[in-house]
Number of protein chains: 2
Amino acid sequence: MARPRTAARTVDHPDLAQVDLQQVMEALVDPVRRMVVSQLVRKGEDMSCGRFEAPVSSSTLTHHFNVLREAGVIRQYYVGVTKMNTLRADELEERFPGLLPAVIAACAAEAGAGAG
Amino acid sequence: MARPRTAARTVDHPDLAQVDLQQVMEALVDPVRRMVVSQLVRKGEDMSCGRFEAPVSSSTLTHHFNVLREAGVIRQYYVGVTKMNTLRADELEERFPGLLPAVIAACAAEAGAGAG
DNA sequence: TCCATAATACGACCAGCGTCGAAATAAGGA
DNA sequence: TCCTTATTTCGACGCTGGTCGTATTATGGA
């Protein structure tokens with residue numbers, strides 16, 4: 001039957017123009033979701049869902065990825081069995097200038113203070 | 001009994017150093033509370049509680065003022081019968097650089113787009 | 001073809017939050 | 001002293017959202 005070899009599963013992403021501030025704020029208000037964003041920033045590379053550290057079950061984590069994706073904060077794509085995640089930092093910067101960097105900086109500052 | 005003539009009622013405000021990002025994000029995630037912040041910015045002067053426009057009852061509005069105050073976003077003080085509100089913008093900027101301005105700008109942009 | 005791994009879907013539960021109205025409090029003025 | 005205005009307190013209610021466990025799907029490799 002020659003199943004397609006690549007990218008059978010697709011993911012929908014919103015155009016940033018149709019995302020409003022409320023959605024982004026709701027996405028970023030959850031501490032687990034900010035952990036996801038922070039880890040993406042810290043690693044500096046795309047990460048599969050399974051590589052994130054968070055104090056919740058994997059099904060809950062899936063939910064958080066969905067919220068982040070629907071708010072335009074992350075982009076997801078499949079690579080074989082795994083699903084990769086990347087920040088939509090540039091697009092978000094254009095839509096809501098300074099917002100994501102400020103949140104990221106605050107996260108980093110708190111993480112640093114906590115570890116000091 | 002010579003009751004004190006001024007400022008009998010006092011208000012407690014947190015030191016910004018003891019406010020964490022979670023608190024500020026939770027304060028700013030509510031649209032009514034962002035309306036309060038936006039109106040303070042737009043007017044450019046301290047406003048009494050009764051002057052704000054919001055689609056909720058006054059008792060609900062009192063609740064929102066409390067949340068904003070406890071998160072260090074606004075400062076409140078009594079003037080006679082009324083209670084005044086002012087943004088703690090400078091202090092907040094020192095604690096979480098860029099956060100409040102980014103949110104305010106996003107609010108203004110959406111308000112402008114909506115009115116256009 | 002079968003199995004192991006990665007991630008999702010689904011249903012359920014529970015806590016927290018925003019909301020209201022009514023009653024209470026505080027200040028100022030008549 | 002009484003009344004009016006501004007704001008708060010309190011209790012109640014409903015809804016949303018984060019959480020979990022289990023079952024399911026998709027992919028790649030043996």
Side-chain angles (χ1 to χ4, degrees), chain A residues 1-13 22-37 39-40 46-71 73-86, chain B residues 1-13 22-37 46-71 73-86:
Chain A
M1 289 305 243
R3 266 180 297 169
R5 185 161 299 271
T6 55
R9 290 180 284 189
T10 59
V11 188
D12 276 338
H13 295 89
Q22 186 61 31
Q23 242 180 309
V24 177
M25 291 298 290
E26 284 176 1
L28 296 178
V29 78
D30 185 278
V32 174
R33 291 195 285 264
R34 284 201 307 278
M35 288 180 69
V36 168
V37 170
Q39 288 175 48
L40 276 175
D46 298 4
M47 291 173 66
S48 68
C49 293
R51 285 183 56 205
F52 290 86
E53 291 179 19
V56 295
S57 71
S58 59
S59 62
T60 297
L61 208 41
T62 293
H63 163 69
H64 288 308
F65 286 127
N66 288 341
V67 173
L68 286 170
R69 187 188 65 246
E70 286 160 17
V73 178
I74 63 171
R75 185 175 295 278
Q76 298 188 291
Y77 58 95
Y78 282 94
V79 173
V81 151
T82 69
K83 195 177 197 177
M84 303 298 293
N85 301 272
T86 184
Chain B
M1 288 309 242
R3 269 180 297 169
R5 186 161 297 271
T6 55
R9 291 181 284 189
T10 60
V11 188
D12 276 338
H13 295 89
Q22 186 61 31
Q23 243 182 307
V24 177
M25 291 299 289
E26 284 176 1
L28 296 178
V29 79
D30 185 279
V32 173
R33 291 195 284 265
R34 284 202 308 276
M35 287 180 69
V36 167
V37 170
D46 298 3
M47 292 173 65
S48 68
C49 293
R51 285 183 56 205
F52 290 85
E53 291 180 17
V56 294
S57 70
S58 57
S59 62
T60 296
L61 209 41
T62 292
H63 163 68
H64 288 309
F65 286 127
N66 288 341
V67 174
L68 286 169
R69 189 187 64 247
E70 285 160 18
V73 178
I74 63 171
R75 186 175 294 278
Q76 299 188 291
Y77 58 95
Y78 282 95
V79 173
V81 163
T82 70
K83 196 177 197 176
M84 303 298 292
N85 301 273
T86 183

Ignoring hydrogens and geometry, is there a side-chain-to-backbone donor-acceptor pair from A:Arg33 to A:His64 under 3.5 Å? no

Counting only side-chain N and O atoms of B:Lys83, is one of them less than 4.0 Å from OP1 or OP2 of D:dT8? yes

Hey, mind stepping through A:Gln22 and B:Arg34 against side-chain hydrogen bond (donor to acceptor under 3.5 Å, both in side chains) and telling me if it holds? CA-CA 10 Å; A:Gln22 186 61 31; B:Arg34 284 202 308 276; 2.5 Å; yes

Does a side-chain N or O from A:Thr60 land closer than 4.0 Å to OP1 or OP2 of D:dC20, or not? yes

Closest nucleotide of DNA chain D for B:Gln76 versus for A:Asp30: which of these residues is on the 5' side? B:Gln76

Counting only side-chain heavy atoms from C-beta out, which of D:dT27, C:dT8, C:dT19 sits nearest to B:Val32? C:dT19

Which comes earlier along DNA chain D counting from the 5' end, the contact point of A:Val29 or that of B:Met84, where each point is its nearest nucleotide? B:Met84

In whole Å, I'd like the distance from the CZ atom of B:Phe52 to the C1' atom of D:dA6. 14 Å

With a 4.0 Å limit, can you tell me whether A:Arg9 has a side-chain N or O closer than that to the phosphate oxygens OP1/OP2 of C:dA6? no

For a quick check under 3.5 Å, do A:Ser59 and A:Thr62 share a side-chain donor-acceptor pair by atom type? no

In whole angstroms, the gap separating C1' of C:dA27 from OH of B:Tyr77 amounts to 17 Å

Looking at every strand, decide which applies to B:His64 at a 4.0 Å heavy-atom threshold: base, sugar-phosphate, or nothing. sugar-phosphate

Value in whole Å for how far the P atom of D:dG18 lies from CG of A:Leu28: 12 Å

Rounded to whole angstrom units, what separation is found between the CE atom of A:Met25 and the P atom of C:dG18? 13 Å

Across the strands shown, which category fits B:Val56 at heavy-atom distances under 4.0 angstrom: base, sugar-phosphate, nothing? sugar-phosphate

Taken to the nearest whole Å, CD/A:Glu26 to P/C:dG18 is 11 Å

Is it the case that the side chain of B:Gln76 and the backbone of B:Arg69 share a donor-acceptor pair, with hydrogens and angles ignored and the cut-off at 3.5 Å? no

Report the distance from atom CG of B:Leu61 to atom C1' of D:dT9, rounded to the nearest whole Å. 15 Å

In whole Å, I'd like the distance from the CD atom of B:Glu70 to the P atom of D:dT8. 12 Å

If you look at every strand shown and take non-hydrogen atoms under 4.0 Å, does A:Arg33 touch a base, only sugar-phosphate, or nothing? sugar-phosphate

Scan A:Ser59 against the nucleic acid and name what it touches under 4.0 Å (heavy atoms): base, sugar-phosphate only, or nothing. base

Should A:Ser57 be listed as having a side-chain N or O under 4.0 Å from OP1 or OP2 of D:dC20? yes

Between D:dT7 (C1') and B:Arg69 (CZ): distance, integer Å: 12 Å

So, OP1 or OP2 of C:dA7: does either fall under 4.0 Å of a side-chain N or O from A:Ser58? no

Between B:Tyr77 and B:Asn85, is the side-chain hydrogen bond (donor to acceptor under 3.5 Å, both in side chains) condition met? List the steps. CA-CA 7 Å; B:Tyr77 58 95; B:Asn85 301 273; over 6 Å; no

